[in-house]
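See below for the structure under consideration.
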Number of protein chains: 2
Amino acid sequence: MSPRRRDTEGTAAARAERRAELLATAAEVFAAKGYAATTVRQVADAAGILGGSLYYHFDSKESMVDEILSTFLNEMWAAYDRVLAAGLGARETVEAIVVESFRSIDRHRAAVVVYQNESRHLAATSERFTYLLESHRRFEEMWMSLLERGVREGAFRPDLDLPLVYRFVRDTVWVAANWYRPGGRLAADDIAKQYLAMVLEGIQA
Amino acid sequence: MSPRRRDTEGTAAARAERRAELLATAAEVFAAKGYAATTVRQVADAAGILGGSLYYHFDSKESMVDEILSTFLNEMWAAYDRVLAAGLGARETVEAIVVESFRSIDRHRAAVVVYQNESRHLAATSERFTYLLESHRRFEEMWMSLLERGVREGAFRPDLDLPLVYRFVRDTVWVAANWYRPGGRLAADDIAKQYLAMVLEGIQA
DNA sequence: GATACTTTCTAACAATCGTTTGGTAGAGTT
DNA sequence: AACTCTACCAAACGATTGTTAGAAAGTATC
């Protein structure tokens with residue numbers, strides 16, 4: 001590892017870190033005001049620099065959301081895949097997936113909000129966001145086969161409409177990102193526990 | 001009722017009808033592409049007229065969303081108030097509120113989507129949208145007292161975190177607007193029934 | 001202390017936005 | 001047939017948008 005090599009690595013790492021910083025603040029602003037309603041000058045303001053300076057780090061406003069969303073989705077699916085590969089029963093898998101989802105919200109709150117609010121519009125306006133639809137498709141596939149397996153294993157009620165249950169579970173897990181604040185009254189794992197109690201056992205006495 | 005009077009009433013009614021038509025198409029476009037990302041020219045296109053022509057009917061783009069959202073909220077709260085005034089038990093009231101919510105989604109799908117996606121941003125940018133926060137407050141008040149009463153009456157489990165249950169129920173009812181299509185496989189009342197079965201009894205066998 | 005490189009600023013750009021103005025086609029009234 | 005009113009069109013407006021180019025400040029290297 002030559003000095004020269006370490007230099008380029010050092011500056012490359014510093015540059016990546018700065019990118020991550022800027023993306024984090026961009027995600028916060030996008031989540032708070034909406035992607036389309038947010039100007040690059042507002043993002044730059046929040047980061048303490050001027051609008052044009054963002055273009056030293058990023059190609060465009062679009063590539064900022066792109067990186068925000070793809071980073072989040074990659075990490076989330078990595079966690080999901082670990083759970084799915086563990087070979088658990090359907091019910092245990094559902095529990096683990098829900099826990100991982102709330103941990104994802106805990107780590108990427110702003111990105112989740114942006115994903116929820118903007119992914120549909122983004123996928124409709126540009127080819128570069130088709131991976132959002134692909135992720136959506138994987139989501140449906142995962143949940144549907146999980147629910148079907150759960151019914152076969154006798155873990156879930158057989159009298160419910162599964163596509164409806166799927167949408168119900170999928171949506172309710174992620175909307176929590178809209179009110180969740182890290183460091184609040186309840187930790188992510190506590191919320192997951194309560195959420196699972198509601199979905200699995202219901203709220204009636 | 002003089003002829004003169006009937007004339008003005010006739011043209012006033014025709015004007016109101018045209019407004020309603022335009023607001024319906026505007027709501028669809030806002031729901032599909034997001035309010036901020038939608039241009040008034042796109043709304044006008046969908047209505048078959050030119051951008052500037054919208055300003056014969058409306059003061060501004062802002063007043064269009066305003067009218068879309070306030071119309072929806074007024075009708076929804078009227079339905080809610082009828083239920084709340086019926087003097088039912090907590091569980092029966094919850095069931096009736098959920099049914100009314102899905103009927104609201106059935107009638108005002110686009111408006112509900114806009115309300116869900118944009119109300120937070122709108123309330124933050126202009127004083128005229130403070131009624132959205134007020135509605136939000138009423139929502140929380142209604143659900144929390146309903147849930148507390150349900151626990152006292154022995155209808156709901158006492159071991160759950162009620163603020164969490166509130167957010168859970170509130171969100172899950174409305175997110176359905178994102179995928180629901182009138183005239184689809186399931187009618188609004190069927191969805192309400194299945195939804196109540198999930199929330200009250202849970203999905204486990 | 002000169003040099004090279006990184007990061008930000010300054011200042012503008014073309015495009016697009018919501019909105020306004022003045023005109024016009026057409027239906028209804030007299 | 002002249003007039004009025006309604007609903008729209010045609011064309012532009014200033015402001016703001018995302019984006020770019022070149023200069024300048026800051027930092028590290030020798």
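Because the structure is a prediction, the values reported are computed rather than measured. Quick note on labels: first sequence line is chain A, next is B, and so on, each numbered from 1.
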Less than 4.5 Å apart, side chain to side chain, heavy atoms only: is that true for B:Leu200 and B:Arg91? yes
How does DNA chain D look in dot-bracket form if you count Watson-Crick and G-U pairs under 3.5 Å, write [ ] for pairs that cross, and put | where a base pairs with another strand? ||||||||||||.||||.||||||||||||
CZ of A:Arg19 versus C1' of C:dT7: gap in Å, rounded? 14 Å
Starting at the 5' end of nucleotides 19-25 of chain C, put B wherever the base has a protein heavy atom under 4.0 Å, S where only the sugar-phosphate does, and a dash everywhere else. BB-----
What integer distance in Å separates A:Asp66:CG from D:dG18:P? 17 Å
For the pair made of CD1 in B:Ile49 and C1' in D:dC8, what is the distance, rounded to whole Å? 7 Å
Check for me whether B:Lys193 meets the cation-pi criterion with B:Phe102, that is, NZ or CZ under 6.0 Å from the six-membered ring centre and within 45 degrees of the ring axis. no
For the rings on A:Trp77 and A:Phe139, is their centre-to-centre separation under 6.0 Å? yes
Return the value, rounded to whole Å, for the distance between atom OH of A:Tyr56 and atom C1' of D:dA21. 15 Å
Looking at every strand, decide which applies to A:Ser63 at a 4.0 Å heavy-atom threshold: base, sugar-phosphate, or nothing. nothing
In residues 140-148 of chain B, what donor-acceptor pairs under 3.5 Å come from side-chain atoms, sequence neighbours left out?
{"unit_1": "B:Glu141", "atom_1": "OE1", "unit_2": "B:Arg137", "atom_2": "NH1", "d": "2.9"}
{"unit_1": "B:Ser145", "atom_1": "OG", "unit_2": "B:Glu141", "atom_2": "O", "d": "3.2"}
{"unit_1": "B:Ser145", "atom_1": "OG", "unit_2": "B:Met142", "atom_2": "O", "d": "3.2"}

Side-chain atoms of A:His57 come closest, of D:dG18, C:dT8, D:dA7, to C:dT8
Under 4.0 Å between a side-chain N or O of B:Arg18 and OP1 or OP2 of D:dT6? no
